[in-house]
Amino acid sequence: MSVPKVSKICCIGAGYVGGPTCAVIALKCPHIQVTIVDLNQARIDAWNSSDFNLPIYEPGLEDVVRATRGRNLFFSTDVDGAIRAADLIFVSVNTPTKKTGIGAGYAADLNYVEKATRRIAQIATSSKIVVEKSTVPCRTAESMRVILEANSKPDARFDILSNPEFLAEGTAISDLVSPDRVLIGSLQTHEGKEACKALSEIYANWVPQERILTVGLWSSELSKLAANAMLAQRISSINALSAICEATGANIDEVAHAIGKDTRIGPKFLKASVGFGGSCFQKDILNLVYLSESLHLPEVAAYWRQVVEMNEYQKRRFTRHVVDTLFKTITGKRIAVLGFAFKADTGDTRESAAITIIKHFMEEKALVTIYDPQVEHEQIWMDLQEVSPTFTLQQIKRQVQIAPCALDACAEAEAVVIATEWKEFITLDWEAIYEQMSKPAFIFDGRLLVDSAKLAKIGFKVSSIGRGAEVTA
Ligand SMILES: NC(=O)c1ccc[n+]([C@@H]2O[C@H](COP(=O)([O-])OP(=O)(O)OC[C@H]3O[C@@H](n4cnc5c(N)ncnc54)[C@H](O)[C@@H]3O)[C@@H](O)[C@H]2O)c1
Ligand SMILES: O=c1ccn([C@@H]2O[C@H](COP(=O)(O)OP(=O)(O)O[C@H]3O[C@H](CO)[C@@H](O)[C@H](O)[C@H]3O)[C@@H](O)[C@H]2O)c(=O)[nH]1
């Protein structure tokens, strides 16, 4: 068997990964027709919208879609048609943490992956390369293979590859255009290696060969969980140190800079924060914890679980510090929360630290005003309802407001909390904000974003994560 020729690609799942990933493939491979399909009609309509009001906010994404949509990139709800036509199918559906049943709270819910796999087996009338793009537990490809083989038509054979995605939201397009590496896992059989070559050739249209790593299937699957666990572990480590800094007068930025200069450690992912968020870190570590427990490795499970526990501690510690500083009560006090997304340059709020912090503020009966430049208001209400099921939406709205700009959010507030590292918060008219706030005016910088000395000069009482005593004028 020779390397299969790929002229048509189907991507199942038009979300944060499927959309940008396959849009960039379409951009870089004009000779390949790429169809991204989803069951969610509203999402597909947004991808197809005439004013390019795309379902996700990602810098540079609109330009890529403008250049390719209708040329060799198509969005559709015709899942079966796209499966039938494709030579290669990416499975890029969601794999959230299970909420109920065996492994609830830890294991990945593989229901969406299984449904997509069964659909492929049912519909395909010719051979396909099926690529796991979703983040899945180690050996999921084996389950996919069994399902596909048990249900396939006589002329259809399937080769399964693992090709985890490493893009980060907010920088997805540059990560995809210039990835640190592309990882492809395959069975080490002749057919597996040929399928791997077919996918490598697609990436080779723009990714240098030395950055395309080909490994075994299980190594590829595990590497994705491992990469996220290692990245999150760095953040929990620096956040643990930030607590020591606050208690001793050391400065976490100085510590991070000093240790990051060691080339064995490196400077990235050492920014102390109010806690990591996003749809991946927590989910993937919990998945690794579950995997370790399933493999009867309780010490390994406990080690990784601690990364998530430290993150929860950091969020609790931050809220407690706000309450303590505001004279041990925030009941009825106005608090402006700047930022609701889990990081800057995205409208995504999944597992955002802001959600947990605001929940704690609501429990303390504070009056919260939120401003975020990208997050849809409906999303904020949905997130707050989900995190506080004992509150009705009406009750939430009595305590929480959403402001159209940062200045409005801060008006008459007693404290400003910076929860997301949006650049625009650095250059706000802080003097005007100070004028409008109750005094003493507090700022709690959960992202080490603003110039605390400058703000202290204006009159603010500034408190930054991982910095000793509060900076005041
Ligand atoms: N978000 C990220 O930055 C990121 C980065 C790397 C990897 N991942 C992983 O990629 C996967 C997808 O993540 P996401 O953030 O894009 O999720 P998402 O929820 O944004 O998108 C998944 C999409 O799949 C669709 N879908 C589910 N089942 C389907 C089916 N049977 N047929 C057609 N469509 C179906 C859903 O409607 C949804 O639109 C996850 O496993 C995630 O862990 C995410
Ligand atoms: O030094 C840092 C770096 C990040 N964060 C926070 O950590 C979270 C995650 O940030 P980031 O990793 O940049 O964004 P994600 O989009 O969640 O990307 C991660 O998760 C993706 C999904 O698996 C992977 O593909 C990426 O490689 C991995 O970086 C965010 O809340 C950040 O604010 C910090 O607090 N300090």
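For the pair Val177/Val64, no side-chain contact is recorded, criterion being any heavy-atom separation below 4.5 Å from C-beta on. Residues Thr356 and Val387 have side chains not in contact (no heavy-atom distance under 4.5 Å, counting atoms from C-beta outward). Counting heavy atoms from C-beta on, the side chains of Pro373 and Glu424 come closer than 4.5 Å. By the 4.5 Å heavy-atom criterion applied to side chains, Phe340 and Gln374 are not counted as neighbours. Side-chain atoms of Asn228 and Leu231, non-hydrogen and from C-beta on, do get closer than 4.5 Å to each other. Using a 4.5 Å heavy-atom threshold, the side chains of Val308 and Val289 count as separate. Within the 4.5 Å cutoff, no side-chain heavy atoms of Leu199 are placed close to those of Ile212. Using a 4.5 Å cut-off on side-chain heavy atoms (C-beta onward), Lys115 and Asn111 make contact.
Side-chain N or O atoms of Ser464 include none that pairs as donor or acceptor with a backbone N or O of Leu448 at under 3.5 Å. Distance alone, capped at 3.5 Å, is enough to place a donor-acceptor pair between the Asn163 side chain and the Leu183 backbone. Of the possible donor and acceptor atoms, none in the side chain of Thr35 sits under 3.5 Å from a partner among the backbone N and O of Phe74. Remark: side-chain polar atoms of Trp47 are not paired, donor with acceptor, to backbone N or O of Gly19 under 3.5 angstrom. Glu246 places a side-chain N or O within donor-acceptor distance of the main-chain N or O of Gly466, the cut-off being under 3.5 Å. Checked by atom type and distance alone, the side chain of Ser237 pairs as donor or acceptor with a backbone atom of Gln233 at under 3.5 Å. Thr171 places no side-chain N or O within 3.5 Å of a backbone atom of Leu167 that could act as its donor or acceptor partner. Checked by atom type and distance alone, the side chain of Ser273 pairs as donor or acceptor with a backbone atom of Gly275 at under 3.5 Å. The backbone N or O of Gly60 lies less than 3.5 Å from no partner atom in the side chain of Asp63, so there is not a single donor-acceptor pair. A donor-acceptor contact shorter than 3.5 Å links the side chain of Glu58 to the backbone of Ala172.
Closest approach of Ala121 and Ile147 over heavy atoms only: CB-O, 4.3 Å. Contact between Glu221 and Ala141 at its shortest, heavy atoms only, is OE2-N, 2.9 Å. Asn48 approaches Phe75 most closely through the heavy-atom pair ND2-O, 3.1 Å. Nearest approach of Arg234 to Pro267, heavy atoms of both residues: NH2-C, 4.3 Å. For the pair Ile123 and Lys153, the tightest heavy-atom approach, listed with the atom from each and the gap, is N-NZ, 4.4 Å. When all heavy atoms of Asn72 and Pro30 are compared, the closest pair comes out as ND2-CA, 3.4 Å.
Pairs engaging residues 295-308 under the salt bridge (Lys or Arg N to Asp or Glu O under 4.0 Å) rule: Glu293-Arg305 [sequence neighbours left out]. Sorted by first and then second residue, the pairs that involve residues 169-188 and meet salt bridge (Lys or Arg N to Asp or Glu O under 4.0 Å), not counting sequence neighbours, are Glu169-Arg350. Residue pairs satisfying the salt bridge (Lys or Arg N to Asp or Glu O under 4.0 Å) criterion with at least one member in residues 267-292, sequence neighbours excluded, are listed as follows: Asp253-Lys271.
Summarising the geometry, atom CG belonging to Leu187 is positioned 4.5 Å from atom CG belonging to Leu217; distances are rounded to the nearest 0.5 Å. We find the CD-NZ distance between Glu165 and Lys133 to be 4.0 Å, quoted to the nearest 0.5 Å. Taking CE of Met310 as the reference point, atom CG of Asn239 lies at 8.5 Å (rounded to 0.5 Å). Taking CG of Asn287 as the start and OG1 of Thr97 as the end, the distance is 7.5 Å to the nearest 0.5 Å. Once rounded to the nearest 0.5 Å, the distance linking NZ of Lys359 with CG of Asp383 reads 13.5 Å. Taking OG1 of Thr349 as the reference point, atom CZ of Phe342 lies at 9.5 Å (rounded to 0.5 Å).
Between Lys343 and Asp345, no side-chain nitrogen of the basic residue sits less than 4.0 Å from a carboxylate oxygen of the acidic one, so the salt-bridge criterion is not met. The pair Glu149-Arg145 counts as a salt bridge, with a side-chain nitrogen and a carboxylate oxygen less than 4.0 angstrom apart. Ion pairing between a basic and an acidic side chain is recognised when a charged N comes within 4.0 Å of a carboxylate O; Lys197 and Glu201 show no such pairing.
Relative ring orientation between Trp422 and Tyr57 is described as tilted, the plane-to-plane angle lying within the 30° to 60° band.
Just one of Ser219, Ser186, Ser220 meets the side-chain hydrogen bond (donor to acceptor under 3.5 Å, both in side chains) condition when paired with Ser162; it is Ser220.
With 3.5 Å as the limit, one finds a donor-acceptor pair spanning the side chains of Gln314 and Ser242. Side-chain atoms of Asp87 and Ser7 form a donor-acceptor pair, as typed in the model, at a separation below 3.5 Å.
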Begin from the C-alpha positions of Glu62 and Arg66 and carry the test salt bridge (charged side-chain N to carboxylate O under 4.0 Å, His left out) through to its verdict.
CA-CA 6 Å; Glu62 187 181 322; Arg66 277 184 188 274; 2.8 Å; yes
Quick one, Val113 with Val136, criterion side-chain contact (heavy atoms from CB on, under 4.5 Å). Give me CA distance, side-chain angles, the key distance, then yes/no.
CA-CA 9 Å; Val113 172; Val136 289; 4.2 Å; yes
Determine, step by step, whether Thr125 and Asp155 satisfy the side-chain contact (heavy atoms from CB on, under 4.5 Å) criterion, reporting the C-alpha distance in whole Å, the side-chain angles of both residues, the deciding distance to 0.1 Å, and the verdict.
CA-CA 6 Å; Thr125 48; Asp155 289 336; over 6 Å; no
Yes or no on side-chain contact (heavy atoms from CB on, under 4.5 Å) for Ile380 and Ile358, after CA distance, side-chain angles and deciding distance?
CA-CA 11 Å; Ile380 295 179; Ile358 293 168; over 6 Å; no
Yes or no on side-chain contact (heavy atoms from CB on, under 4.5 Å) for Arg447 and Val274, after CA distance, side-chain angles and deciding distance?
CA-CA 7 Å; Arg447 293 293 188 165; Val274 66; 4.2 Å; yes
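The ring-ring contact (aromatic ring centres under 6.0 Å, His included) check on Phe361 picks up nothing, with sequence neighbours excluded. Lys28 is linked by a salt bridge (Lys or Arg N to Asp or Glu O under 4.0 Å) to nothing, counting only residues two or more places apart in sequence or in another chain. Scanning for ring-ring contact (aromatic ring centres under 6.0 Å, His included) contacts around Trp218 gives an empty result, with sequence neighbours left out.
Counting heavy atoms of neighbouring residues, nucleotides and ligands inside a 6.0 Å radius, atom CD of Glu210 exceeds 12 of them. Within a 6.0 Å sphere centred on NE2 of His377, other residues, nucleotides and ligands contribute more than 12 heavy atoms. Within 6.0 Å of atom NE2 in His31, more than 12 heavy atoms from other residues, nucleotides or ligands are found, so the atom counts as buried in its surroundings. Around the CD atom of Glu376, the shell of radius 6.0 Å holds no more than 12 heavy atoms that belong to other residues, nucleotides or ligands. Applying the 6.0 Å contact sphere to CZ of Arg71 captures more than 12 heavy atoms from other residues, nucleotides or ligands.
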